[in-house]
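Treat the numbers as computed from the prediction; the structure is a model and nothing was measured. The chains referred to below are lettered A, B, ... by the order of the sequence lines, with proteins before strands, and numbering in each begins at 1.
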Number of protein chains: 2
Amino acid sequence: MRAFSHPGPETFLLERVLHALSDPVRLGIVRQLAREGEASCGALDGGRPKSSVSHHFRVLREAGLVWTRSDGVTHMNALRRAELDRRFPGLLAAIVDTEALSSGPC
Amino acid sequence: MRAFSHPGPETFLLERVLHALSDPVRLGIVRQLAREGEASCGALDGGRPKSSVSHHFRVLREAGLVWTRSDGVTHMNALRRAELDRRFPGLLAAIVDTEALSSGPC
DNA sequence: TCGATAGTTCTATACTGATCGAACGATGGC
DNA sequence: GCCATCGTTCGATCAGTATAGAACTATCGA
């Protein structure tokens, strides 16, 4: 189960990244990772079934958004911020920093 | 057929914007509009059937990305750049400016 | 070795969305 | 008025994907 396949930055596809971020669950995960730096899958499941959460993490990984490492029995996930910033400058910042506007109690 | 319903900036949803941009056809349209400022649907169809193109423009309109005005028998489309920049600062720039990287002949 | 824990994979289901032909609606020129 | 043009809407089809239960795998601790 160890050693996930993480795509190299040169194969990142903007369309794929945007699709991964267009799902509310995944957008929430990415934002929480942006705040907290690293977290296990369980800490980000929001009460959802494990299979659903696992699916979302796979999409995030395959888009290049998230890096997953095994730490004992848990999987720790982190944003691939540096690589994403190099590949798509300003994108992650623009998406993570609009939180107050787009999820605030209007 | 005149007078499309364009959402107000306060109802823009980041998820919806990202989903609209995650389609290659629509991403291409948005990038071309960013370069050329305003264009008719026909000028952006890329040889696709009219019904398909119309569908994509509808998605772009409903996400708040594009403003469509009637000019005689044609429809002129433009990016709602100012409103988008106010609502999601830096987002459009990040997406439009990665063109060379993501569609270049690697 | 046994059980508990954390996540993945498998499978099925239901929903969403992309595509496109055909019919329709609006506008302008003759 | 009539026709051509531009684009929308309708309807059908097909692919992709979100969801979730169940079985499975890997790791750790007792």
A.B. asks: Within less than 4.0 Å of OP1 or OP2 of dA18(D), is there a side-chain N or O belonging to Arg48(A)?
C.D. replies: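 For dA18(D), neither OP1 nor OP2 has a side-chain N or O of Arg48(A) closer than 4.0 Å.
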A.B. asks: Applying a 4.0 Å non-hydrogen cut-off, can you work out what Ser51(B) is touching in the nucleic acid: base, sugar-phosphate, or nothing?
C.D. replies: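 Base, at least one base heavy atom under 4.0 Å.
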A.B. asks: Quick one: does Asn77(A)'s side chain have a donor or acceptor within less than 3.5 Å of a partner on Ala39(A)'s backbone?
C.D. replies: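 Here the side-chain-to-backbone pair exists.
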A.B. asks: Which nucleotide in the set dT8(D), dG7(C), dA18(C) lies at the smallest distance from any side-chain heavy atom of Lys50(B)?
C.D. replies: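 Taking heavy atoms from C-beta onward, the closest nucleotide is dT8(D).
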A.B. asks: Report the nucleotide, chosen from dC20(C), dA20(D), dA26(C), that has the shortest atom-to-atom distance to any side-chain atom of Val73(B).
C.D. replies: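 Nearest listed nucleotide: dA26(C).
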A.B. asks: Mind checking whether Phe4(A) and His75(A) have ring centres under 6.0 Å apart?
C.D. replies: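 Between Phe4(A) and His75(A), the centre distance is under 6.0 Å.
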A.B. asks: Look only at the side chain of Arg48(B) and the backbone of Val53(B), and say whether a donor-acceptor pair between them is shorter than 3.5 Å.
C.D. replies: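 Absent.
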A.B. asks: Using a cut-off of less than 4.0 Å, is there contact between a side-chain N or O of Ser52(A) and OP1 or OP2 of dA18(D)?
C.D. replies: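 No, Ser52(A) has no side-chain N/O under 4.0 Å of OP1/OP2 on dA18(D).
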A.B. asks: Is the shortest distance from a Lys or Arg side-chain nitrogen in Arg87(B) or Glu83(B) to a carboxylate oxygen in the other one below 4.0 Å?
C.D. replies: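 Glu83(B) and Arg87(B): not salt-bridged.
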A.B. asks: Picking from dG7(C), dG21(C), dA20(D), which would you name as closest to the side chain of Pro49(A)?
C.D. replies: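 Closest nucleotide to the Pro49(A) side chain: dA20(D).
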A.B. asks: Just by modelled atom types, is the His19(B) backbone N or O under 3.5 Å from a matching donor or acceptor in the Ser22(B) side chain?
C.D. replies: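 Here the side-chain-to-backbone pair exists.
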A.B. asks: May I ask you to evaluate whether His19(B) reaches the phosphate of dA18(C), defined as a side-chain N or O under 4.0 Å from OP1 or OP2?
C.D. replies: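 Yes, because at least one side-chain N or O of His19(B) sits under 4.0 Å from OP1 or OP2 of dA18(C).
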A.B. asks: Tell me, which of residues 54-61 of chain A have any heavy atom that sits under 4.0 Å from an atom in DNA chain C?
C.D. replies: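 Within this stretch, Ser54(A), Arg58(A), Arg61(A) sit under 4.0 Å of the strand.
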